[in-house]
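Residue numbering restarts at 1 for every chain, and letters A, B, ... go by the order of the sequence lines.
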Number of protein chains: 2
Amino acid sequence: MQPVHYDVCEQRCINPERIDRTRRDMSSHEDLAGLAGIFKMLGDLTRVRILEALSIGELCVCDLAAALALTQSAVSHQLRLLRAARLVKYRKDGKVVYYSLDDDHVTTLFKQGLEHVQQG
Amino acid sequence: MQPVHYDVCEQRCINPERIDRTRRDMSSHEDLAGLAGIFKMLGDLTRVRILEALSIGELCVCDLAAALALTQSAVSHQLRLLRAARLVKYRKDGKVVYYSLDDDHVTTLFKQGLEHVQQG
DNA sequence: TGAACATATGAACATTTATTCATATTTTAT
DNA sequence: ATAAAATATGAATAAATGTTCATATGTTCA
């Protein structure tokens, strides 16, 4: 079978029907951007460690820093991002702020991810 | 209850038992690094789009580039990374190389991720 | 009120990383 | 063998991002 070539978006292509089908069936750009955003948030060792620590139980910032051997500032900056992504929540007790996981989606994703990691 | 302060790793902390428990119960650094690695790989819009496209069906590099309106070079560079992460596999048909998903872990992770995205 | 402490945050710096451009490699077809 | 086409890749550039340092904010306690 001879590949037929068309020009789409200044790219040569071989199978235009597949291209059309792909474009039609793909999720919205919005959803995919959101998806990439979540994974980007989880794609950092420090944040993964923070989330795993919090999955064991709530911790205040300084304990989190101590447990993971990180500076208070580094932890605080990352918690800010995790908060914005609604992955963690917090409660204040005086001047101490306790952080915990916002829902169990993270735990689920971690389990799925570990399956891939540990089988590879 | 008065918080008792200890010094651990040059960090003040409030609840040393929690710190110990956290350290004890956390997954290995290796596993967590691997986990972060997977998520980092998925944490890029271009790669997410490529993987979603391939989840619909196998595609050659130039069709992938056309379908996503990307340069051949950009796609090829990303496929290299996805290949190294064992997220995609390929088969050669003459000078055309067809890529597809290596397993269905990606699809599972995408579904889980979209749940978080679409409810937030 | 003032001192000490827990946390948050802005700016600077260093590192990582995605894309582009040019070119190499490999295969097909004449 | 040569030309054309599909893919891969190295180097360079630009942008994003994580950490550190210094400092601000807010709370407790004397």
Protein-nucleotides 21-26 of chain D N/O pairs closer than 3.5 Å?
unit_1, atom_1, unit_2, atom_2, d
D:dC21, N4, A:Ser73, OG, 2.6

Atom pairs, protein N/O to nucleotides 16-18 of chain D N/O, distance under 3.5 Å:
unit_1, atom_1, unit_2, atom_2, d
D:dT17, OP1, A:Lys40, NZ, 3.4
D:dG18, OP1, A:Arg47, NH1, 3.1
D:dG18, OP1, A:Arg47, NH2, 2.7
D:dG18, OP2, A:Arg47, NH1, 3.4

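Side chain of A:Asp63 to backbone of B:Ile19: no donor-acceptor contact under 3.5 angstrom is found.
Residue-level contact check: B:Tyr99 touches the backbone only, with heavy atoms under 4.0 Å from sugar-phosphate atoms and none from bases. The residue A:Tyr98 sits apart from the nucleic acid: no heavy atom pair falls under 4.0 Å.
Distance, B:Asn15 CG to C:dC5 P: 18 Å, rounded to whole Å. Whole-Å rounding puts the B:Leu45 CG to C:dT19 P distance at 9 Å. Atoms CD1 (B:Ile14) and C1' (D:dT27) sit 12 Å apart, rounded to a whole Å. Between the P atom of C:dT20 and the CG atom of B:Leu70 lies a distance of 8 Å, rounded to the nearest Å. We find that CD1 of B:Ile50 is positioned 11 Å from P of D:dA8, with the value rounded to whole Å. Computed from coordinates, the B:Leu82 CG to D:dT7 C1' distance equals 16 Å when rounded to whole Å. Remark: C1' of D:dT7 and CG of B:Leu79 are 10 Å apart, rounded to the nearest angstrom. Whole-Å rounding puts the B:Leu64 CG to D:dA8 P distance at 11 Å.
Side-chain proximity of A:Arg83 to C:dT9, D:dA8, C:dA6: nearest is C:dT9.
Just one of B:Arg83, B:Arg47, B:Arg49 meets the side chain to side chain donor-acceptor pair (under 3.5 Å) condition when paired with B:Gln78; it is B:Arg47.
Taking A:Ser76 as the reference, A:Gln72 meet the side chain to side chain contact (heavy atoms under 4.5 Å, CB included) condition, with sequence neighbours excluded. Every residue two or more places apart in sequence or in another chain was checked for a side chain to side chain contact (heavy atoms under 4.5 Å, CB included) with A:Lys95, and none qualifies.
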What donor-acceptor contacts under 3.5 angstrom involve side-chain atoms of residues 105-113 of chain A, with partners at least two apart or in another chain?
unit_1, atom_1, unit_2, atom_2, d
A:His105, ND1, B:His116, ND1, 3.3
A:Thr108, OG1, A:Asp104, O, 2.9

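Note that CG of A:Leu35 and CD of B:Gln118 are 9.0 Å apart. Values are rounded to the nearest 0.5 Å. Distance check, rounded to the nearest 0.5 Å: CG of A:Leu87 to CG of A:Leu79 gives 11.0 Å. Here A:Thr46 contributes atom OG1 and A:Leu68 contributes atom CG; the two are 8.5 Å apart, rounded to the nearest 0.5 Å.
Base-pair partner of D:dA30: C:dT1 (Watson-Crick or G-U wobble, both distances under 3.5 Å).
Residue pairs meeting the side-chain hydrogen bond (donor to acceptor under 3.5 Å, both in side chains) criterion with at least one member in residues 51-61 of chain B, sequence neighbours excluded: A:Ser27-B:Glu52, B:Glu58-B:Arg91.
Along DNA chain D, the nucleotide closest to A:Gly94 and the one closest to B:Tyr90 are compared, and the more 5′ of them pairs with B:Tyr90.
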